[in-house]
Amino acid sequence: MRLSNLADYAVVLMSAAARQCGSVPIHAGMLAEQTGIPGPTAQKLVSQLARAGLLVASRGSGGGVRLARPAAAISVADIIEAVEGPIALTSCVAEGRHDCSLEGHCKVQPHWGVVNGAVRGALAEISLATLSVAPKLPSPPPIPALAGDEIRL
């Protein structure tokens, strides 16, 4: 499974918006500058994310967009679904789709829902708050002293 560029950019853009503390409005152009996402793409994503209820837009001086709810209450799954629609790994788990040539003969089809649910569940467990802070890198292990080495302070 691979995210589309648009879904990837949406996660990046939302992370940048979350780093603005979520309550201070920021313009799509500023988000584009901060993230390196092309301006027209950033504007398109801001519109989609606002329609999905993840961003709130305000007009006028001091206007812009801000998170519609706290970053901890927005998941990666929410963002991906705002851009791509429901997460469906195969066509047989997409609602209303019946275009698989193996339908009716496939012994795996009844299990795809479980697999799809596990992937969506994992994405739903990762919050925007988690993505908007720098990851903590593990401390390097101590370097053991070699026999005969003196340690001076």
Side-chain angles (χ1 to χ4, degrees), residues 1-104 106-141:
M1 181 179 126
R2 182 177 172 162
L3 292 179
S4 69
N5 285 344
L6 210 55
D8 180 20
Y9 290 170
V11 173
V12 170
L13 187 129
M14 288 291 289
S15 295
R19 283 190 295 278
Q20 299 297 318
C21 301
S23 58
V24 178
I26 184 168
H27 294 281
M30 292 171 76
L31 287 169
E33 263 182 51
Q34 289 177 9
T35 61
I37 296 171
T41 303
Q43 186 61 51
K44 176 181 177 177
L45 286 171
V46 162
S47 295
Q48 282 185 288
L49 295 163
R51 274 194 307 276
L54 299 178
L55 292 175
V56 174
S58 56
R59 295 180 182 249
S61 66
V65 295
R66 61 179 172 74
L67 298 180
R69 53 187 191 260
I74 298 172
S75 73
V76 173
D78 295 332
I79 299 167
I80 292 169
E81 289 180 334
V83 174
E84 298 287 326
I87 295 168
L89 296 179
T90 62
S91 63
C92 59
V93 294
E95 282 191 37
R97 299 271 312 262
H98 299 286
D99 57 358
C100 178
S101 63
L102 301 177
E103 192 169 12
C106 180
K107 302 294 183 206
V108 178
Q109 189 273 333
H111 304 284
W112 273 118
V114 173
V115 174
N116 196 77
V119 170
R120 194 206 180 281
L123 293 170
E125 289 294 317
I126 303 168
S127 75
L128 182 57
T130 301
L131 296 180
S132 40
V133 295
K136 293 182 181 177
L137 300 175
S139 301

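The CD1 atom of Ile80 lies 5.0 Å from the CD1 atom of Ile87; values are rounded to the nearest 0.5 Å. Rounded to the nearest 0.5 angstrom, Gln20 CD and Gln34 CD are separated by 4.5 Å. Atoms CE and OG1, on Met14 and Thr35 in that order, are 13.0 Å from each other to the nearest 0.5 Å. Between the CG atom of Leu131 and the CD1 atom of Ile126 there is a distance of 6.5 Å, given to the nearest 0.5 Å.
Across all non-hydrogen atoms, the minimal contact from Ala71 to Ser127 is O-CB, 4.0 Å. Looking at every heavy atom in both residues, Val65 comes nearest to Leu31 through CG2-CD1, 4.1 Å. Looking at every heavy atom in both residues, Gln48 comes nearest to Ala82 through NE2-O, 4.3 Å.
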Validation: residues 72-79 side-chain donor-acceptor distances under 3.5 Å, sequence neighbours left out:
from	atom 1	to	atom 2	distance (Å)
Ser75	OG	Ala77	N	3.3
Ser75	OG	Asp78	N	3.0
Ser75	OG	Asp78	OD1	3.4
Ser75	OG	Asp78	OD2	3.2
Asp78	OD2	Arg69	NH2	3.2
Asp78	OD2	Ser75	N	2.9

For residues 39-46, which side-chain N or O atoms pair as donor and acceptor with protein atoms under 3.5 Å away, sequence neighbours left out?
none

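For residues 113-132, the salt bridge (Lys or Arg N to Asp or Glu O under 4.0 Å) pairs, not counting sequence neighbours, are Glu81-Arg120. The salt bridge (Lys or Arg N to Asp or Glu O under 4.0 Å) pairs that include a residue from residues 46-65 number zero, where partners must be two or more places apart or lie in different chains.
Residues that satisfy the side chain to side chain donor-acceptor pair (under 3.5 Å) test with Glu84, not counting sequence neighbours, are Ser4. The side chain to side chain donor-acceptor pair (under 3.5 Å) test applied to Ser47 returns no partner, not counting sequence neighbours. Ser15 pairs by the side chain to side chain donor-acceptor pair (under 3.5 Å) definition with nothing, not counting sequence neighbours. The side-chain contact (heavy atoms from CB on, under 4.5 Å) test applied to Val114 returns no partner, not counting sequence neighbours. Under the rule for a side-chain contact (heavy atoms from CB on, under 4.5 Å), Val133 has no partner lying at least two apart in sequence or in another chain. Judged as a side-chain contact (heavy atoms from CB on, under 4.5 Å), and not counting sequence neighbours, the contacts of Ser132 are Ala18, Arg19.
Under the 4.5 Å side-chain criterion, counting only non-hydrogen atoms from C-beta, Leu54 is not in contact with Leu67.
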